[in-house]
Amino acid sequence: MVSAVPILEARGLGRIFTRRGGLFAPRSVLRAVEGIDLELPVGGRLAIVGESGCGKSTLGRLLLGLAAPSAGTILFESMEHGHRSPADWKRFRRESALVQQNPLAALDPQMTIGAQVAEPLTVHGRARGAAAREMAERGLVEVGLGPEMMARFPHQLSGGQRQRVVIARALVMSPKLVVFDEAVSALDVSVQAQVVGLINAQQHRLGLSYLFISHDLRIVRHVADRIAVMYLGRIVETGPIDAIYRAPTHPYTQALLAAVPRLDPRARRPAVTIRGEATASAADGPGCAFRTRCAMAIARCASERPELLALGDRATACHRAGEVSEPQRERMELVS
Amino acid sequence: MLLQVSDLAIRSRSGGVRILDGVDLQLGAGEVLGLVGESGCGKSMTCYAIADLLPAGLVRAGGSVRFDGVDMGSLDEPARRRLRGGRIAMIFQDPTSHLNPVHRVGTYLEGALKRHRGLSGTDARMEAIRLLERVGISDAKRRMNAYPHEFSGGMNQRLMIAHALACEPDLLIADEPTTALDVTTQAQILDLIETVRAETGMAILIVSHDLGVIARLADRAAVMHCGRIVETAPVEALFDRPAHPYTSALIGCMPTVDPDDCDPPRPIRGSVPSLADLPGGCHFHPRCDRRMPACGLARPPLAALADGQSSACFNPVPTW
């Protein structure tokens, strides 16, 4: 663990979306993110995983100040987002970057690749003209693209090349913090592996601190050291990836890992299959949001929300954390 | 053989682009064949060609599709329509966009039961409710009146499966049926497909870019690359000893959640070539570690190895 002050810190972070009531629909409240505490050390690589609608993208946007939280505080290099002056925000924008899933939507179809990679440099007054172009070209070479890309347009590139361009543009300002939001999800596996290698190389080169948001549990362990598993707006389990994959303690993490298809045709069907689907209404009320789908739920789970309790460098929000579920024990016996 | 695809070729109507190039596939009754490959390799188009649903702008440029011994090209349109949706059913990647948003769930299922099984009135309604229950939709009676937008993606895929089962098909074509779904929902849908297959004994052609899905469901698998089948094998053999370098590379770049498998995914150099600008000879040779001079000159034929495994490669990975 890095002992220094974390580069990014969130305390009690929450975001509520309210849907205005209509003639027939009542006003409704969606707790997209609630009660999130997290710390990202300098050079830290944190994966945020969860299924669609769990609030992981909203969390990324809150941390980058692209959406305003309804509750809680965010500190970047010990300065609170809420206390930033316009000049402070501008500095934060220089030092942070976002890489999203769909590179074609992130790129301007009418601008050359070179102009787009150079744009942050001129916007933030770091360089202009030939100097900016030269930095952009170097940035493209860093992500494995040749200088001939400078004059091309996004439609002339493959999906993998476009995602490299978006990464080059995010890194051209040498940011301290990057949020990758499903940055490799749309790519074919052969290209996904290339981009994963690229992210690792750049992290090493620049000492980046980043959050890697993804629904794909298979890929995150190759780009992150720690993981936070989200369910309906809350972190239910967090810790070092290897330890959690080896022995998940939250029933949701267990089910999520078990549901990932194995590359072994002889592997049995998943031992833990959870029923039903996540419904946002389950997050309302006093209990655990996962209890309606959980095979281990007890009466206490409906009346009292489990706190995220730390045990060593891991933490789990479950009243029955650490107890091994019946199907899992069966699987472990099968393995041994 | 229930389904025999021979030397199937598809090209764009406007000219040169070959989408499928000499595709051979066999599928026995009750068998599950997995078709795997990266985007644009032609796996979905193979499905569309078999189901006779080729999009406008694409034409058959050769080859044949025989279903239960009958050449589908020799059938007239009414006969083909009876087959399609009747003995051959299909489910898609994005169920919500394949469902008519103004039709209630019940109407949708009753329509299929009327068309293909001649059921109507109470009989059709009872059967539709039974189908919904069978695919794991709870409270089926009430859900008959729902619209697709009131269902989640997973429930809509269950509904598509119910619709496919309505016609008691001999062949289910499943084109990336779980790609748009969350991983826990995916596991549920794969379980469901496996269950209905065991109950009905229907054959399944399942298409996926995810080797894990293929490993989970298929008896046999075919690997596609740039419009061609490059390897076909029983699924255990495919994962144990892939013969084609592309298959081997594809397995190598799949990450896993196995805590003991710490190797980072090994990328394949370069990118998937564009169909409009394919390299000569074997389309994989510019990205291949095992290429030889001959690979750029001639197309390697799909040659039988042992135990039902075939590979289209001049220099296959040794499999002993």
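Residue numbers start from 1 in every chain, and the chains themselves are labelled A, B, ... in the order their sequence lines are given, proteins ahead of strands.
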Tell me whether Arg226(A) is salt-bridged to Asp242(A), with the criterion being a basic N under 4.0 Å from an acidic carboxylate O. no
Residues Leu217(A) and Tyr245(A): closest non-hydrogen pair is O-OH, 2.6 Å
Plane angle bin for Tyr252(A) and His250(A) - parallel if under 30°, tilted between 30 and 60°, otherwise perpendicular: perpendicular
If the plane angle is over 60° it's perpendicular, under 30° parallel, otherwise tilted; pick one for His225(B) and Phe284(B). perpendicular
Considering only heavy atoms, which portion of [X] lies under 4.5 Å from any heavy atom of chain A: side chain, backbone, both, or neither?
X	value
Glu38(B)	both
Asp260(B)	both
Arg287(B)	side chain

How about Arg290(B): does its CZ atom have over 12 heavy atoms from other parts shown lying under 6.0 Å from it? yes
Shorter than 4.5 Å, heavy atoms on both sides: which option in [options] has the most such pairs with chain A?
options	result
Gly136(B), Gly270(B), Ser274(B)	Gly270(B)
Pro255(B), Ala218(B), Gly212(B)	Pro255(B)
Val213(B), Leu217(B), Asp210(B), Ile214(B)	Asp210(B)
Gly154(B), Ser138(B), Pro259(B)	Pro259(B)
Asp258(B), Leu190(B), Val272(B)	Asp258(B)

Identify which part of Ser158(A) has an atom lying under 4.5 Å from any heavy atom of chain B, answering side chain, backbone, both or neither. side chain
What's the separation between atom CD in Glu51(A) and atom CG in Leu181(B), rounded to the nearest 0.5 Å? 10.0 Å
When only pairs under 4.5 Å are counted, which of Asp216(A), Val191(A), Ile219(A) shares the most heavy-atom pairs with chain B? Ile219(A)
Thr232(B) and Ser310(B): side-chain hydrogen bond (donor to acceptor under 3.5 Å, both in side chains), yes or no, with the steps? CA-CA 5 Å; Thr232(B) 164; Ser310(B) 321; 5.7 Å; no
